[in-house]
Asker: 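Starting off with a structure, shown below.
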Amino acid sequence: MTAVAKSNRLSRHFSTAHQYLQTLASSFRNPNLLAEDLLSKVLDEDPGIKTLEKVHSKVISDQNLCSNPSLAIKLMRAYSACGQPNVTRHIFDEIAELNIVFFNVMIRSYVNNHLYREALLVYQNLHNYNISPDHYTFPCVLKACSGSGNLRVGFQFHAVVVKKGLDSNLYVGNGLVAMYGKCDIIADARKVLDEMPKRDVVSWNSMVAGYARNGRFNDALDVCKIMLSSGFKPDAGTMASLLPAVTNTSSDDVVFVKYMFENYGRECLVSWNVMIAVYVNNSMPAQAVELYSQMQACGIEPDAITLSSLLPACGDLSALLLGRRIHEYVERNRLRPNLLLENALVDMYAKCGCLSDAREVFDGMEIRDVVSWTSMISAYGMSGQGHNAVKLFSELKDSGLNPDSIAFVSILSACSHAGLLDEGRFCFKIMTKEYRIVPRIEHFACMVDLLGRAGKLNEAYSFVLSMPMEPNERIWGALLSACRIHSNMDIGLVAADHLFQLAPEQGGYYVLLSNIYAKAARWEDVTTIRSIMKVRGIKKMPGVSNVEVNNRVYNFLAGDQSHPQSKEIYEELDVLVGKMKEAGYAPETDSALHDLEEEDKGIHLTVHSEKLAIAFAIISTKPLTPIRITKNLRVCGDCHVAAKLISKITGREIMVRDTNRFHHIQNGLCSCGDYW
DNA sequence: TTAGGGTTAG
């Protein structure tokens, strides 16, 4: 009986690695059972590190097994799969008679563990043993080149491959296409592909990936079409390859990926994951959530990648109930620890305004990276808890991790929202001096916002003028916004002038300027701006408020009457306004003054989208249930006052997330301290 | 043996 046949026979009797191990002891007593077969089988079954170590010690303790090359190779592979390439190396170094297979396994172990330099050094060592690399060696070392950005060595390998006549090998050709694609030498990748005598789906997908990572969606698409006409069926890998080209892209591109998904991918989890990611990366969170429910209806179980992709959509939509369900699923299916997934959970809770839940996940993490810290810092920042953000930022610095550029955007923004002028200035200083991070325009925008909100308008303006790059819309926007808060006409006009050049179609800036004029009682100028807007056909983006009630997200526009319970909603609002007036509420009836970021001028303030969403939540949920609103524009001053009063009248906690931040409103007070 | 799917700011 051959070894394979014996092994197959054994595998019918012993279905798990655990059973093999249990039988192992008896195998030494029973000469009819070969220890080699048993150990070999255990190693083939993806053993965990503990099982692996047991097998390893058995091998070491037996003279015959110790010199068995097949077991040695399997041990090397298994350690690599457990993320322990150093142990793989240790075994490799002990082998008496090395051959190309040992070298290939060693190189692959390093590459799979991202140790590209080490992999290339092992390749160099081949010459000392007079061993020639083969068609298994090159795909691996080519990957080491692209992984380490070592294009020069990549070119050398290509020359060696041609010299050895290995360029006609499918795997080597695929390796070359992938290497050139990842090193952004797309023309060379294409040349290799075109000259390959034989191609498979991996060849095509590697080319698609090359174009996609260079943002060339149309070329990637053309390759898909050639692939189809050559008789190859795109698969989940094709979709996954396309993904980098389909972020913030046109709706046509999204439609095409959807077509691929519908026709070639509905069977495979990876395709669902890609399609969800495409929706999320193109600001289509509702479609991502919808697709996820279809996926569940099809009986396809999500994995950690599905959920990490979907959680940002929950955050965007403030879909807390779905977010919580996902969290429960993660716990139930033991998907933790998983750094990316846990980071996504922290962020989801933060975006849903659940700071304590976010902190609980953060505190429970075994390993945290700079993304984890940044998510938590910005969670505090968004909620106006600047001091907590500063405290956590200081802990991040002490943790041994280095805050990166994004972490600094978060902390600067947190300082700005909380009016922490000195702390913000300090952070900007250490970013450049201590961490040697070159400030990007985002950092400057945060500083302008910080200085401007705090009333240091001249300093903010000087800061803008001293910037090493051309100020953009965000910079002037932050300055104009600050000028409105502090009624600074001179600087406000300068900022507005730039904004009308940079973004002439953005209605919001015209409104901000008209607010400044109105506050200065320059009514003629207010009228002029209104007429300019009318003549140019400039409209404000309509305000939309979302509220999650009974597992569904409802949208409201200003003056919305489309909801089936519209009559009850307006009746409730009337009752509330009555009570609010008793409590001293006076609507800001002067349109120019309250016209911050709000909806259509023709509609009365009481029917702003936030108010409708609040009234709907009140009649649809049990008393004292917290209300969570998400708005696509900044909350207007009148709605802020109204929400505070409603929280006092109804005893409800009201959380409003607008484009900038959170307002946690309770018992008549807001977490922003009216600083926003 | 080869490709390919995930998290953070503004």
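Chain letters run A, B, ... following the sequence lines, proteins first, then strands; residues in each count from 1. These numbers were taken from a predicted model, which means no experiment stands behind them.
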Asker: Pick base, sugar-phosphate or nothing for A:Arg440, based on heavy-atom distances below 4.0 Å to the nucleic acid.
Answerer: base

Asker: What's the CZ-P distance between A:Arg199 and B:dA3, to the nearest Å?
Answerer: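 From A:Arg199 CZ to B:dA3 P: 18 Å.
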
Asker: With sugar-phosphate meaning primed atoms plus P, OP1 and OP2, does A:Leu243 contact a base, only sugar-phosphate, or nothing at under 4.0 Å between heavy atoms?
Answerer: sugar-phosphate

Asker: Could you state the atom-to-atom distance from CG of A:Leu392 to C1' of B:dT8 in whole Å?
Answerer: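 One finds 13 Å between C1' of B:dT8 and CG of A:Leu392, rounded.
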
Asker: Looking only at side-chain N and O atoms, does A:Lys143 come under 4.0 Å of OP1 or OP2 in B:dT1?
Answerer: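 For B:dT1, neither OP1 nor OP2 has a side-chain N or O of A:Lys143 closer than 4.0 Å.
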
Asker: What is the distance, to the nearest angstrom, from the CZ atom on A:Arg108 to the P atom on B:dA3?
Answerer: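 Answer to the nearest Å: 11 Å.
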
Asker: Measure CG/A:Leu311 against C1'/B:dT8 and give the value in whole Å, please.
Answerer: 13 Å

Asker: Looking at B:dT2 and A:Tyr171: do their rings stack (centroid distance under 5.5 Å, interplanar angle under 30°)?
Answerer: no

Asker: Taking atom types as modelled and ignoring hydrogens, do the side chains of A:Asn174 and A:Ser206 form a donor-acceptor contact shorter than 3.5 angstrom?
Answerer: no

Asker: Measuring from the side chain of A:Lys351 (C-beta onward, heavy atoms only), which nucleotide among B:dT8, B:dG4, B:dG6 has the closest atom?
Answerer: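 The nucleotide sitting nearest to the side chain is B:dT8.
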
Asker: Does any donor-acceptor pair link the side chain of A:Asp303 with the base of B:dG6 at a separation under 3.5 Å?
Answerer: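 Checked by distance alone, the answer is no.
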
Asker: What's the closest nucleotide to the side chain of A:Tyr136 if the choices are B:dA9, B:dT1, B:dA3?
Answerer: B:dT1

Asker: Report the distance from atom CD1 of A:Ile367 to atom P of B:dG6, rounded to the nearest whole Å.
Answerer: 20 Å

Asker: Among B:dT2, B:dT7, B:dA9, which nucleotide sits nearest the side chain of A:Asn174?
Answerer: B:dT2

Asker: So if I take every side-chain heavy atom of A:Ala209 and compare against B:dG6, B:dT1, B:dG4, which nucleotide ends up nearest?
Answerer: B:dG4

Asker: When A:Phe428 is tested against each of A:Phe463, A:Tyr435, A:Phe408 for ring-ring contact (aromatic ring centres under 6.0 Å, His included), which residue passes?
Answerer: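 Among A:Phe463, A:Tyr435, A:Phe408, the one that satisfies the ring-ring contact (aromatic ring centres under 6.0 Å, His included) with A:Phe428 is A:Phe463.
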
Asker: Whole Å only: how far is the CE atom of A:Met179 from the C1' atom of B:dA3?
Answerer: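 Taking CE of A:Met179 and C1' of B:dA3, I get 15 Å after rounding.
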
Asker: By nearest atom, which of the nucleotides B:dT2, B:dT8, B:dG4 is closest to the A:Pro139 side chain?
Answerer: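 Side chain of A:Pro139 sits closest to B:dT2.
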
Asker: Is the shortest side-chain N to carboxylate O distance from A:Lys258 to A:Glu262 below 4.0 Å?
Answerer: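 Answer for the salt bridge query: yes.
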
Asker: Over 60° means perpendicular and under 30° means parallel, so tell me whether A:Tyr180 and A:Phe155 are parallel, tilted or perpendicular.
Answerer: tilted

Asker: Between B:dT7, B:dT8, B:dG4, which one does the side chain of A:Asp369 approach most closely?
Answerer: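 So the side chain of A:Asp369 is nearest to B:dT7.
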
Asker: Does A:Lys182 make a side-chain N or O approach to OP1 or OP2 of B:dG4 shorter than 4.0 Å?
Answerer: yes

Asker: Are the side chain of A:Arg368 and the backbone N or O of A:Phe362 linked by a donor-acceptor pair below 3.5 Å?
Answerer: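 Here the side-chain-to-backbone pair exists.
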
Asker: Quick one: label A:Asn338 by what it contacts on the DNA or RNA (base, sugar-phosphate, nothing), any heavy atom closer than 4.0 Å.
Answerer: base

Asker: Please evaluate the base of B:dA3 for a donor-acceptor partner in the side chain of A:Arg213 within a cut-off of under 3.5 Å?
Answerer: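 When only heavy-atom distances are counted, A:Arg213 does not reach the base of B:dA3 through any donor-acceptor pair under 3.5 Å.
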
Asker: What's A:His135 touching, base or sugar-phosphate or nothing? Going by heavy atoms closer than 4.0 Å.
Answerer: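 The answer is base, as A:His135 lies within the cut-off (heavy atoms under 4.0 Å) of a base atom.
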
Asker: Distance check needed: B:dA9 C1' versus A:Met376 CE, whole Å only.
Answerer: 15 Å

Asker: Looking only at the side chains, is there a donor atom on one of A:Tyr211 and A:Arg190 sitting less than 3.5 Å from an acceptor on the other?
Answerer: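 Side chains of A:Tyr211 and A:Arg190: pair found under 3.5 Å.
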
Asker: Atom CG of A:Asn169 and atom C1' of B:dT2: how far apart are they, to the nearest Å?
Answerer: 9 Å

Asker: With a 4.0 Å cut-off on heavy atoms, is A:Asn205 in touch with a base, just the backbone sugar-phosphate, or nothing at all?
Answerer: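 Since a base atom lies under 4.0 Å of A:Asn205, the category is base.
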
Asker: Of the nucleotides B:dT8, B:dA9, B:dG6, which one has an atom closest to the side chain of A:Ser309?
Answerer: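 Closest of the options to the side chain of A:Ser309: B:dG6.
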
Asker: Would you classify A:Ala304 as touching base, sugar-phosphate or nothing, given that sugar-phosphate means primed atoms plus P, OP1 and OP2, and contacts are heavy atoms under 4.0 Å?
Answerer: base

Asker: Looking at A:Phe232, does the NZ or CZ of A:Arg199 lie under 6.0 angstrom from its six-membered ring centre and within 45 degrees of the ring axis?
Answerer: no

Asker: From C-beta outward on A:Leu340, which listed nucleotide comes closest to its side chain: B:dA9, B:dT1, B:dG6?
Answerer: B:dG6

Asker: By the 4.0 Å heavy-atom rule, please label A:Leu341 as base, sugar-phosphate, or nothing.
Answerer: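 Result for A:Leu341 = base.
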
Asker: As a test of reading the structure: which of B:dA9, B:dG6, B:dG4 is closest to the side chain of A:Ala236, going by heavy atoms?
Answerer: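 Of the candidates, B:dG4 comes closest.
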
Asker: What does A:Ala178 touch in the nucleic acid at a heavy-atom separation under 4.0 angstrom: a base, only the sugar-phosphate, or nothing?
Answerer: sugar-phosphate

